[in-house]
Amino acid sequence: MRNINIILLAMAALLQISCVSTYEKVLRSTDVDVKYKAAHDYFNKGKYKKAADMFDHINLLVQGLPQEDTVAFYHGLSNFRYGDYSTAETILAKFIEVYPRSVFHTEAQYLRIKCLYDDTYRYELDQTPTRKAMAVISEFMYENPQSEYYPVCKDMMADLMERLERKSFESAKIYYTMEDYKAARYALKNVLKDNADNQYRESVLYYTALSSYKYAYNSIEEKQKERYLDFIDDYYNFISEYPESKFRNEIDDLFAKVEHYAIRPVSENKEEK
């Protein structure tokens, strides 16, 4: 039994050496047809790293030949399938620029988008890649409204927009968590100033009202009236847009505590004017 295992291991080792030797031999070859066929064979067998390396070696050899755009496209596609999105995106971006009339052009655009999308981060982290991906997706959708990839790109855009909007909201909300209520109110208002349609608008307005209330509550007595009036403004802004909000009871309770500030003396109104 032990001898059989040794023989099997030896055979496996020899087979591996043979495979490696064949790959290296083809890689060093200057025969375009041999390398072209080998590259596609590796790709079809799912050996994408070897396929990518092989297509890379063929690139210069096929300049001016009919296979030129095919090799360039499969070079990017092999890297994409291998999972090296950064390299694939670079190759595909160049392909799109160099071969605008290639039959692979639209697919290359979509694959580049996939690379950019898959290389983005969750909302807590840097969103620079997200903005780059959105710019490329937006351009593709504008130029290809009838593309089969349009619905998928639309879903990607929605997902990436949600990340940006949540990032904006959560970044402003940090001040509230830190109990810096003045800064929180200012930051939250800026969220909607930058994007009035932020999908977290209800939560933004809610925390804006809470921030103004708590800022007033923690102020010295001489400043409280003026600052409670800011809360009252924020309260009315909130309930006018979200009268059925799940936060309504809580925010109504806060308003009930300070609603006597809602009616200003006539003399005070005149002074403010």
Side-chain angles (χ1 to χ4, degrees), residues 23 26-123 125-165:
Y23 171 73
V26 174
L27 198 62
R28 296 189 186 109
S29 171
T30 56
D31 190 321
V32 176
D33 292 334
V34 170
K35 298 182 84 164
Y36 185 76
K37 182 180 182 303
H40 279 288
D41 286 343
Y42 284 126
F43 181 87
N44 292 331
K45 291 175 182 177
K47 298 178 180 180
Y48 301 119
K49 176 58 177 167
K50 288 186 175 181
D53 291 342
M54 196 67 70
F55 282 118
D56 186 28
H57 276 73
I58 303 173
N59 263 322
L60 291 177
L61 301 175
V62 297
Q63 294 296 309
L65 298 178
Q67 307 100 308
E68 184 179 346
D69 68 321
T70 301
V71 170
F73 173 72
Y74 272 90
H75 184 205
L77 180 59
S78 297
N79 278 283
F80 174 82
R81 293 281 182 85
Y82 180 64
D84 187 350
Y85 300 126
S86 179
T87 300
E89 191 273 326
T90 300
I91 295 168
L92 291 165
K94 182 178 180 181
F95 175 90
I96 293 164
E97 181 181 352
V98 175
Y99 304 102
R101 297 182 181 179
S102 171
V103 294
F104 301 111
H105 188 261
T106 301
E107 187 176 357
Q109 287 181 299
Y110 173 69
L111 288 173
R112 184 194 176 202
I113 286 170
K114 277 286 293 174
C115 289
L116 292 170
Y117 178 78
D118 290 341
D119 243 7
T120 57
Y121 310 129
R122 61 182 188 270
Y123 81 89
L125 303 176
D126 179 29
Q127 293 303 300
T128 301
T130 298
R131 293 184 180 88
K132 180 179 179 181
M134 290 179 71
V136 175
I137 295 171
S138 179
E139 182 179 359
F140 177 83
M141 292 175 69
Y142 178 78
E143 294 177 352
N144 303 276
Q146 304 303 320
S147 170
E148 62 181 302
Y149 302 119
Y150 189 95
V152 180
C153 289
K154 186 177 180 180
D155 289 341
M156 288 183 188
M157 279 290 283
D159 177 52
L160 295 176
M161 179 59 76
E162 191 276 336
R163 292 188 212 179
L164 288 184
E165 293 182 349

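Starting from 1, each residue takes its place in the sequence as its number.
- In this structure, D119 and P129 approach most closely via the heavy-atom pair O-CB, 4.0 Å.
- Cation-pi contact between R163 and Y117: present, with separation from the ring centre below 6.0 Å and deviation from the ring axis of at most 45°.
- The distance from the CG atom of N79 to the CD1 atom of I91 is 4.5 Å, given to the nearest 0.5 Å.
- In terms of heavy-atom proximity, A39 sits nearest to A51 at O-CB, 3.7 Å.
- Between F95 and Y99, the two ring planes are tilted [angle within 30° to 60°].
- Taking all atoms of both residues into account, the shortest heavy-atom contact from K35 to M54 is O-CG, 3.5 Å.
- At least one donor-acceptor pair closer than 3.5 Å links the side chain of S78 to the backbone N or O of Y74.
- Using a 4.0 Å cut-off between charged side-chain N and carboxylate O, K37 and D41 make a salt bridge.
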For this session: Could you go through the side-chain contact (heavy atoms from CB on, under 4.5 Å) check for N144 and Y150 one step at a time?
Result: CA-CA 7 Å; N144 303 276; Y150 189 95; 5.9 Å; no

Exercise. Can you list the steps and then say if H105 with Q109 is a side-chain contact (heavy atoms from CB on, under 4.5 Å)?
Worked result: CA-CA 6 Å; H105 188 261; Q109 287 181 299; 3.6 Å; yes

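- A donor-acceptor contact shorter than 3.5 Å links the side chain of Q127 to the backbone of R122.
- In this structure, Y149 and Y110 have parallel ring planes: the angle between them is below the 30° cut-off, well short of the 60° mark.
- Not one N or O on the side chain of E162 forms a donor-acceptor pair closer than 3.5 Å with the backbone of A158.
- The shortest non-hydrogen separation linking V103 to D69 is N-OD2, 4.4 Å.
- Atom NZ of residue K45 and atom NZ of residue K50 lie 9.5 Å apart, to the nearest 0.5 angstrom.
- Closest of all the heavy-atom pairs between A133 and L116 is CB-CB, 3.9 Å.
- To the nearest 0.5 Å, atoms OG1 (T120) and CG (L125) are separated by 10.5 Å.
- Side-chain atoms of E97 never come within 3.5 Å of backbone atoms of A93 as a donor-acceptor pair (strictly under, hydrogens ignored).
- Expressed to the nearest 0.5 Å, how far NZ of K114 lies from SG of C153 amounts to 10.0 Å.
- Residues M156 and I137 share a closest heavy-atom pair of CB-CD1, 4.0 Å.
- One finds the CD1 atom of I58 at 11.0 Å from the CG atom of D53 (value rounded to the nearest 0.5 Å).
- Once rounded to the nearest 0.5 Å, the distance linking NE2 of H75 with OG1 of T70 reads 14.5 Å.
- Under the ring pair (Phe, Tyr, Trp, His ring centres under 6.0 Å) test applied with Y48, the options Y42, F43, Y82 reduce to a single match, F43.
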For this session: Give the C-alpha distance, both sets of side-chain angles, the deciding distance and a yes or no for side-chain contact (heavy atoms from CB on, under 4.5 Å) between H40 and F55.
Result: CA-CA 9 Å; H40 279 288; F55 282 118; 3.9 Å; yes

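- The aromatic rings of F104 and F73 sit parallel to each other, their planes meeting at less than 30°, with 60° as the upper class boundary.
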